[in-house]
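Contents: one structure, followed by commentary.
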Amino acid sequence: MKPTNSKDASHGQPSIVHRRIVALAGGVGGAKLAHGLAQILPPEDLTVIVNTGDDFEHLGMYICPDLDTVCYTLAGLANPETGWGRVNESWNTLANIEKLGGPNWFSLGDQDIATHLERTRRMKEGQSLTQVTRDFCKAWGVKHTVLPMSDSPVRTLVETDEGELAFQEYFVHRHCEPQVKGFRFDGVQVAEPAPGVREAIDSAEAILICPSNPWVSVDPILRVIQKINKPVVAVSPIIGGQTVKGPAAKMYRELGIEPSALAVANHYRTLLSGFVLDTVDSSLSDKIETKTLVTNTLMNTFDDRALLAANVLNFAGSL
Ligand code: FO1
């Protein structure tokens with residue numbers, strides 16, 4: 001397919017064709033594009049649906065890494081170095097837990113711990129994750145809608161050469177070292193989409209799949225949503241055969257697939273109306289069986305996020 005030239009959107013104010021947008025996001029990469037979209041779209045026109053397959057209970061707290069990453073990023077509270085956790089963080093609680101012989105492999109800062117403690121308290125009182133997320137967004141000044149994919153627990157399990165591992169055990173504790181053989185999303189069969197998810201999709205003009213890990217960040221959301229009857233545009237998280245962050249490229253290799261933007265497009269093949277890949281991968285564009293936009297997809301600055309968001313919105317609007 002011929003790539004759409006992105007130059008127009010990179011000069012002056014691009015005119016945005018699509019208005020109501022749903023973005024499907026995992027952690028850091030997804031949060032960056034969501035932030036770019038939030039810089040352009042008014043709150044009523046953007047809903048971000050976030051993966052909760054990475055959620056887990058740790059130190060007695062209910063922790064939602066991707067939801068928090070998206071919310072902190074939209075609120076301007078995220079740690080710019082890691083992409084996850086809070087900016088200007090202190091680590092006294094974790095240091096003292098460590099002194100007492102407790103687990104310290106999952107880096108939880110003091111401000112972040114407040115989020116998990118308060119979330120856990122509310123959920124023990126019977127509030128849903130959707131309610132808690134809405135209240136936290138309000139408190140943090142996040143105006144766009146952020147929804148967990150489901151209020152029921154879905155847990156991503158990584159099948160490896162060392163057996164099945166809980167996601168954060170594989171990802172953080174084991175530094176993604178075990179060889180991946182597959183994935184399982186425990187609870188996905190019975191998990192309903194969270195309140196507002198179906199409605200947001202039904203009233204959206206396009207669904208954007210953010211540059212998140214297809215296997216462990218986006219697939220759980222797609223499995224919960226099941227049907228999408230709207231144009232879908234995905235942005236490749238793989239640039240020049242590598243991921244900006246995280247183990248997606250390693251996972252592709254271990255599953256016997258060469259990691260590339262083409263592999264990502266093939267992963268979403270049945271869903272796509274359009275696919276966005278980086279300029280370094282422009283030679284792959286002809287091999288992709290849907291319309292493509294070739295543009296800069298690296299989001300190093302806030303301006304990069306907004307520019308990519310504008311380009312993706314214009315591309316989606318042109319389909
Ligand atoms: N990722 C790490 O690689 N190491 C950590 O210690 C870590 C702590 C952490 C704490 C809170 C949070 O919201 C996210 C955190 N992450 C950490 C990121 C997280 O594990 C992953 O980025 C996602 O689950 C994958 O999208």
Side-chain angles (χ1 to χ4, degrees), residues 23-35 48-75 77-95 97-98 102-120 129 132-133 136-137 140 142 146 148-149 153-158 165-178 180 183 185 209-221 235 237-238 243-251 299:
L24 311 183
V28 178
K32 285 183 178 177
L33 184 59
H35 184 233
V48 188
I49 299 173
V50 184
N51 172 42
T52 56
D54 299 5
D55 296 6
F56 72 133
E57 287 194 33
H58 184 63
L59 293 165
M61 298 181 292
Y62 190 86
I63 300 176
C64 305
D66 286 357
L67 260 184
D68 291 342
T69 298
V70 168
C71 293
Y72 291 160
T73 302
L74 293 182
L77 297 171
N79 179 336
E81 261 124 59
T82 54
W84 49 263
R86 294 281 291 260
V87 68
N88 299 324
E89 188 57 287
S90 57
W91 302 90
N92 298 313
T93 312
L94 194 68
I97 288 170
E98 191 181 347
N104 67 348
W105 57 269
F106 198 75
S107 300
L108 293 169
D110 297 328
Q111 299 176 87
D112 197 26
I113 285 173
T115 302
H116 312 311
L117 283 176
E118 178 58 7
R119 177 193 291 122
T120 307
L129 186 56
V132 176
T133 306
F136 284 9
C137 280
W140 291 325
V142 175
V146 179
M149 65 186 192
V154 175
R155 293 293 169 264
T156 298
L157 299 167
V158 186
L165 299 173
F167 182 77
Q168 298 298 345
E169 181 65 25
Y170 161 82
F171 189 89
V172 177
H173 204 184
R174 302 296 315 279
H175 310 287
C176 308
E177 275 160 12
V180 168
F183 307 96
F185 307 116
I209 300 181
C210 291
S212 297
N213 187 315
W215 300 104
V216 291
S217 297
V218 181
D219 279 357
I221 309 177
V235 181
I238 298 205
T243 26
V244 180
K245 200 170 169 66
K250 180 176 181 283
M251 287 173 171
M299 293 178 278

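Whatever order the structure lists them in is the order used to number ligands and atoms, beginning at 1. Numbers for residues simply follow the sequence, beginning at 1. What you are looking at is a predicted structure, and each value in this text was computed from that prediction instead of being measured.
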Checking heavy atoms under 4.0 Å, the part of Asp112 that sits near ligand 1 is side chain

heavy-atom search around atom 17 (C) of ligand 1 in the protein gives Trp84 CE2, 3.3 Å

Counting from 1 in the order shown, the ligand 1 atoms closer than 4.0 Å to a non-hydrogen atom of Asp66 are 23 (C), 24 (O), 25 (C), 26 (O)

Atom 6 (O) of ligand 1: closest protein heavy atom, distance to 0.1 Å, is Ser107 N, 2.9 Å

Nearest non-hydrogen contact to atom 20 (O) of ligand 1 from the set Arg86, His116, His58, Gln168 belongs to Gln168

**Message:** Taking the six-membered ring for Trp, are Trp84 and Tyr72 closer than 6.0 Å centroid to centroid?
**Reply:** no

Here the pair of heavy atoms bringing Arg86 nearest to Asp112 is CG-N, 4.2 Å

For Thr69 and Thr73, the nearest pair of non-hydrogen atoms, with its separation, is O-OG1, 2.6 Å

Ligand 1 to Asp54, heavy atom cutoff 4.0 Å, flagged ligand atoms 23 (C), 24 (O), 25 (C), 26 (O)

Taken to the nearest 0.5 Å, the spacing of Cys137 SG from Leu74 CG works out to 7.5 Å

Checklist entry - Do side-chain atoms of Ser212 reach the backbone of Gly26 as a donor and acceptor pair under 3.5 angstrom? => result yes

Check for me whether Phe167 has a heavy atom closer than 4.0 Å to any atom of ligand 1. yes

Among Phe56, Phe171, Trp105, Tyr72, the residue with a heavy atom nearest to atom 22 (O) of ligand 1 is Phe171

Of all protein heavy atoms, the one nearest atom 9 (C) of ligand 1 is Phe106 CZ, 3.2 Å

Atom 13 (O) of ligand 1 has as its nearest protein heavy atom Pro65 CA, 3.3 Å

Between Asn51 and the options Thr156, Asp66, Asp219, the side-chain hydrogen bond (donor to acceptor under 3.5 Å, both in side chains) test singles out Asp66

Distance col, row Asp68:CG vs Ile63:CD1, nearest 0.5 angstrom, shows 8.5 Å

